[in-house]
Amino acid sequence: ELALLTRSYLVDEGAVDVSVALVTPEDTPLGIFGPSASDAISELLEARGVELSLSTTPLAFSDGKLSVAPAGVLGTDRVVALPRLEGPRLAGVLHDASGFIPTDEHGQVGDEIDVWAAGDATTFPLKQGGVATQQADAAAEAIAARAGADLEPRPFRPVLRGLLLTGMAPRFLRAEPRSRGSVIDTEPLWWPPAKIVGRHLAPFLAERLGLAQVLPDAA
């Protein structure tokens, strides 16, 4: 997204002699969304003139040189890097070496009887608002069942939804990691068509943003 938006900005400003490169350890761009979405994003990056360095891990940037692994150096003037993720390391709560909280498929923390967790603080590798709402739904049902509610708590089964800003028409992506099925479209695949997707959270936010039209969940 940053690469596409940066490229779009440079073109709008007439800086067509500036190159933009995306360096990622992924084998394919946004490969987690499946082959269909990844192929479409690859074509989009190529069409926009964004260079790709796949299966390449950035290590350090100094004096106009980006060190990468496998061994190599890329010449560059500017680097934008994603932050290294660290968990909150909450005192008294079980966590791994990086500070993240391990949970089961219902959000229960380890062997704790009355502790649940959801969201970026957990060990689940995908840190995204929409995924966090699904984890929270699973935890809420487990807590309700523990409190005596007449329901069978459903386990957390992630469905990935991503809104990719491109500088032109955005792309809506949806994938179910277990099935490897994926969809990408310029039309909304859910409603409201926001970056944060959640059964309860998205309508709550949409109402406060004045989005009067409410359509059935396209998920």
Side-chain angles (χ1 to χ4, degrees), residues 30-38 85-165 170-219:
L30 294 181
I32 196 167
F33 278 95
S36 297
S38 182
L85 298 180
E86 290 285 340
R89 303 181 187 276
L90 299 177
V93 178
L94 181 66
H95 58 74
D96 66 10
S98 297
F100 294 106
I101 303 169
T103 60
D104 65 13
E105 60 185 4
H106 296 286
Q108 190 167 354
V109 178
D111 295 327
E112 300 287 346
I113 298 176
D114 294 317
V115 181
W116 285 263
D120 293 358
T122 70
T123 54
F124 190 70
L126 301 181
K127 312 300 182 185
Q128 188 205 47
V131 169
T133 67
Q134 296 172 53
Q135 290 177 296
D137 285 343
E141 290 188 3
I143 293 170
R146 174 69 61 81
D150 184 18
L151 62 85
E152 182 67 29
R154 291 168 293 182
F156 167 58
R157 295 288 184 265
V159 176
L160 306 182
R161 301 176 182 88
L163 171 57
L164 183 72
L165 303 179
R171 300 297 191 272
F172 294 86
L173 304 97
R174 183 183 186 278
E176 297 185 40
R178 287 174 175 265
S179 67
R180 296 290 294 170
S182 64
V183 180
I184 181 170
D185 206 321
T186 54
E187 297 297 323
L189 298 174
W190 57 83
W191 192 267
K195 268 190 170 290
I196 300 178
V197 187
R199 182 171 49 175
H200 303 294
L201 181 59
F204 174 85
L205 295 175
E207 181 181 352
R208 278 144 186 81
L209 292 174
L211 297 178
Q213 183 182 15
V214 177
L215 301 178
D217 184 6

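Below, each value reflects all heavy atoms present in this structure, side chains not excepted, and no hydrogens, waters or symmetry copies.
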**Request:** State, to 0.1 Å, how close P192 and P203 come at their nearest heavy-atom pair, and which atoms those are.
**Result:** CD-N, 4.4 Å
**Item:** Atom CD1 of I113 with >12 non-hydrogen neighbours under 6.0 angstrom
**Value:** no
**Message:** Please list all pairs meeting side-chain hydrogen bond (donor to acceptor under 3.5 Å, both in side chains) that have one or both residues in residues 85-97, counting only residues at least two apart or in different chains.
**Reply:** E86-R89
**Asked** By salt bridge (Lys or Arg N to Asp or Glu O under 4.0 Å), which residues pair with D111, not counting sequence neighbours?
**Response** none
**Prompt:** So does L201 have more than 12 non-hydrogen atoms from other groups sitting under 6.0 Å from CG?
**Reply:** yes
**Selection residues 97-109 - residue pairs positive for side-chain hydrogen bond (donor to acceptor under 3.5 Å, both in side chains), sequence neighbours left out** = E105-R157
**Complete:** Residues A37 and S182: closest non-hydrogen pair is N-OG, 3.5 Å
**Fill in**
Looking only at heavy atoms, the pair that brings A117 and I101 closest together is CB-CG2, 4.1 Å
**Request:** Return each pair, listed once, that meets side-chain hydrogen bond (donor to acceptor under 3.5 Å, both in side chains) where at least one residue sits in residues 116-129; pairs must be two or more places apart or across chains.
**Result:** T122-Q135
**Asked** Rounded to the nearest 0.5 Å, how far apart are CD of E176 and CZ of F33?
**Response** 12.0 Å
**Request:** Indicate the atoms forming the closest heavy-atom contact of F124 with P158, along with that distance.
**Result:** CZ-CG, 3.9 Å
**Message:** Within the 4.5 Å heavy-atom criterion, are L163 and W190 side-chain neighbours or not?
**Reply:** yes
**Asked** Do V159 and Q134 have side chains that get closer than 4.5 Å, going by heavy atoms?
**Response** yes
**Request:** Please report the closest heavy-atom contact between S36 and I184, naming both atoms and the distance.
**Result:** O-CG2, 4.3 Å
**Asked** T133 side chain to H200 main-chain N or O, any donor-acceptor pair under 3.5 Å?
**Response** no
**Message:** When you compare the side chain of L160 with that of V131, does any pair of heavy atoms fall below 4.5 Å?
**Reply:** yes
**Item:** side chain to side chain donor-acceptor pair (under 3.5 Å) partners of E141, counting only residues at least two apart
**Value:** R154
**Request:** Sequence neighbours left out, what passes side-chain contact (heavy atoms from CB on, under 4.5 Å) with V115? Give chain and number order.
**Result:** V109, E112
**Item:** Nearest atoms (heavy-atom pairs only) where A194 meets V197
**Value:** O-CG2, 3.6 Å
**Prompt:** Got a second to check how far L173's CG is from L189's CG, nearest 0.5 Å?
**Reply:** 8.0 Å
**Student check: side-chain heavy atoms of R171 and T186 closer than 4.5 Å** = yes
